[in-house]
Amino acid sequence: MGFGNLNDESGLRTLNDYLADKSYIEGYVPSQADLVVFAALSGPPDWKFVHARRWYNQIASYGDEERKQFVGVKKSLTEYGPQKGAGAAEDDDDDDDVDLFGDDDDDEDDEERARIQEERRKMYAEKKSKKPTVIAKSNIILDVKPWDDETDMAELEKNVRSVSEIGRA
């Protein structure tokens with residue numbers, strides 16, 4: 001059924017009622033559906049339609065570049081909004097519409113996710129290749145103490161420096 005004519009009061013009332021418990025036309029993020037309905041409006045709704053005005057101001061706050069990045073596929077205006085024949089019997093079946101674990105059929109999202117992961121892997125590889133390779137070194141500190149105050153320190157130093165491998169003289 002859709003919203004009807006969004007330039008008269010009955011269409012705006014339908015839009016306002018529809019947005020009473022929703023932030024966007026479809027889903028939880030701005031989408032192409034929001035752009036289709038936004039384009040159908042001739043201007044901001046009157047303030048007596050508070051939910052429609054709130055939604056309109058939200059969509060109007062996005063720039064043209066941001067709007068191009070909205071998710072989804074544009075459909076006709078009549079495919080958005082409350083469905084025809086929505087009654088109490090259909091309200092009981094709302095549980096079936098909720099997909100708690102995500103939709104596995106979203107090829108666009110999978111392709112986008114794969115592209116983003118590949119970009120991140122490349123950035124990580126570039127960052128890692130720029131790091132200098134750390135060469136592991138060990139410091140061996142010998143604490144040499146003379147037996148008494150008459151020990152020749154110069155000869156002791158010469159003997160210590162002559163050691164090439166510990167354990168072998």
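Given the structure is predicted, the values throughout are model-derived calculations rather than measurements.
- Between Glu126 atom CD and Arg121 atom CZ the span is 14.5 Å, to the nearest 0.5 Å.
- In summary, Glu155 and Lys158 do not engage in a salt bridge, as defined by a charged side-chain N under 4.0 Å from a carboxylate O.
- Note that the CZ atom of Phe49 and the OG1 atom of Thr14 stand 9.5 Å from one another [nearest 0.5 Å].
- Shown here is Lys74, whose NZ atom has no more than 12 heavy atoms of other residues, nucleotides or ligands within 6.0 Å.
- With hydrogens and angles disregarded, a donor-acceptor distance shorter than 3.5 Å links the side chain of Arg53 to the backbone of Pro45.
- One finds a salt bridge joining Arg161 and Glu157 here, because a Lys/Arg side-chain nitrogen approaches an Asp/Glu carboxylate oxygen to under 4.0 Å.
- Ring to ring, Tyr80 and Phe3 are not that close: their centroids are 6.0 angstrom or more apart.
- In this structure a side-chain-to-backbone donor-acceptor pair under 3.5 Å is missing from Asn57 to Arg54.
- Remark: Lys122 does not engage Glu119 in a salt bridge, criterion side-chain N to carboxylate O under 4.0 Å.
- Here the side chains of His51 and Tyr18 are not in contact, with every heavy-atom distance at 4.5 Å or above.
- Ionic pairing of Arg115 and Glu112 is present here: one or more N-O contacts between side-chain nitrogen and carboxylate oxygen are shorter than 4.0 angstrom.
- In this structure, the ring pair (Phe, Tyr, Trp, His ring centres under 6.0 Å) partners of Phe70, at least two apart in sequence or on a different chain, are Tyr62.
- Checked for salt-bridge contact, Lys48 and Glu9 meet the test: a charged N lies under 4.0 Å from a carboxylate O.
- In this structure, OG in Ser42 is found 9.0 Å from CG in Asn5, a value given to the nearest 0.5 Å.
- Residues Leu15 and Leu6 have side chains in contact (heavy-atom distance under 4.5 Å, counting atoms from C-beta outward).
- Using a 4.5 Å cut-off between side-chain heavy atoms of Ile, Leu, Val, Met, Phe, Trp and Tyr, with links allowed through other members, Val71 and Val37 fall into different hydrophobic clusters.
- Nearest heavy atoms, Asn7 versus Ala40: OD1-O, 3.6 Å.
- What you find for Pro30 and Asp34 is that their closest heavy atoms are CA-OD2, 3.5 Å.
- Rounding to the nearest 0.5 Å gives a distance of 4.0 Å between OG of Ser76 and CD of Glu79.
- Linking ILVMFWY side-chain heavy atoms closer than 4.5 Å, directly or via other members, places Val160 and Met153 in a single hydrophobic cluster.
- A 4.5 Å side-chain heavy-atom check between Glu118 and Met123 finds every atom pair outside the cut-off.
- Neither side chain, Trp55 nor Asn16, offers a donor N or O lying under 3.5 Å from an acceptor on the other.
- Side-chain contact check for Ile25 versus Val36: every heavy-atom pair is 4.5 Å or farther apart.
- Here Ile59 contributes atom CD1 and Ser31 contributes atom OG; the two are 8.0 Å apart, rounded to the nearest 0.5 Å.
- Within the model, atoms OG of Ser61 and CZ of Arg67 stand 8.0 Å from one another, a figure rounded to the nearest 0.5 Å.
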